[in-house]
2 protein chains.
Amino acid sequence: MNLDKNDERILKNLLVDARLSARQLGLKLGMSTVTILSRIKKLEKEKVIKGYTALIDHEKLGYTLTAIIEIIAKKDKIIDIETELAKIENVCGVYDITGNTDTLVIAKFKSRNELSEFVKGIASIQNIENTITHVVLNTAKEDFRLA
Amino acid sequence: MNLDKNDERILKNLLVDARLSARQLGLKLGMSTVTILSRIKKLEKEKVIKGYTALIDHEKLGYTLTAIIEIIAKKDKIIDIETELAKIENVCGVYDITGNTDTLVIAKFKSRNELSEFVKGIASIQNIENTITHVVLNTAKEDFRLA
DNA sequence: CTTGAAACTTCGGGCAC
DNA sequence: GTGCCCGAAGTTTCAAG
């Protein structure tokens, strides 16, 4: 899979506004509609573009609480546990990391109670030995689009 | 700002596919094009919808390395530091958290060298006392869309 | 608040180049 | 790869429930 300059330009524009039509993109980038469209199709087919989504203000939807949870677990069960965690709706990120803890989880909740239930829930998962919960006091940045 | 069931249904559909037209959404949800459109406009105006973006496979673009960096800093300079970090392109998330460390940073890089330069760079920022870098071995989930 | 229909605009795809 | 054209699909407007 090789991307040339034009593919990258298309990607960058779609990152900023996924609703741009092939026509508008063509005008903006000086390419024809057909070219743009075939490149987008290619990028979708190769799964470079995995989909299109709306960026939502989580806080306005009630998700006012973000937590980061460190998990220490039985080494041979980590993958199973992570798979389990990934299924939970509130969970936004599950990272297997180097260092003292095995797994880092980022999750969002509508209330302190929801968080509390969540932590209780995972503490009771088999093979999880310990959890450390950090509450996010302020989110200075949360933007996983990359140029 | 109050969202009713219909607003939520629209949002959920846009989370899954931001390119759906008002017409298609209307057919799918049993509402008229005009109603859908006026609700979307309202959601955009209220900044519940902050924008639309393409979901990109970072790894296919070369960002094969994710790191999570804990930062300990002079207490009264934390906000300044976070603002600074948020400006850096590779940085996807900056969280001010409770616990032993002050700030957690998630960033993505194209190479080990890029990460190394990044860590050196932030270690030299004034008022940062210590940093602990974790390399992400595996990302089990990374999806900040919430239902 | 909602709607359906008409008017107008823009879209994507096919064809010739 | 581009430009043009067409039918399909998009949005906007409006009168009315």
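Letters go in sequence order (proteins before strands), and every chain restarts at 1.
Rounded to whole angstrom, the span from the CZ atom of A:R39 across to the P atom of D:dG1 amounts to 5 Å. Summarising the geometry, the separation between CD1 on A:I40 and P on D:dG1 is reported as 13 Å, rounded to the nearest angstrom. Spacing between atom CD of B:E44 and atom P of D:dT11 amounts to 12 Å, rounded to whole angstrom units. With rounding to whole Å, A:D7 atom CG is found 13 Å from D:dG1 atom C1'. Between B:I36 atom CD1 and C:dC1 atom C1' the separation is 14 Å, expressed in whole Å.
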- Note on the structure: A correct 5'-to-3' footprint of nucleotides 11-17 of chain C, with B, S and - meaning base, sugar-phosphate only and no protein heavy atom under 4.0 Å, is BBSB---
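A 4.5 Å side-chain heavy-atom check between B:V136 and A:D96 finds every atom pair outside the cut-off.
Aromatic ring centroids of A:Y63 and A:F109 lie 6.0 Å or more apart.
Residues A:E82 and A:T103 have side chains that bring a donor and an acceptor to within less than 3.5 angstrom of each other.
Pairs engaging residues 113-124 of chain A under the salt bridge (Lys or Arg N to Asp or Glu O under 4.0 Å) rule: A:E117-A:K120 [sequence neighbours left out]. Every pair passing salt bridge (Lys or Arg N to Asp or Glu O under 4.0 Å) that includes a residue from residues 126-147 of chain A is listed here, sequence neighbours excluded: A:K108-A:E142, A:D143-A:R145.
Shown here are the salt bridge (charged side-chain N to carboxylate O under 4.0 Å, His left out) partners of A:D4, two or more places apart in sequence or in another chain: A:R39. Every side chain to side chain contact (heavy atoms under 4.5 Å, CB included) that B:E8 has, sequence neighbours left out, goes to B:K5.
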- Item | Evaluation steps, side chain to side chain contact (heavy atoms under 4.5 Å, CB included), between A:L11 and A:V48 | CA-CA 9 Å; A:L11 280 178; A:V48 176; 4.0 Å; yes
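Taking the C1' atoms of five terminal pairs at each end of the helix from C:dC1-D:dG17 to C:dC17-D:dG1, the two resulting helix axes are inclined by 30°, rounded to 10°.
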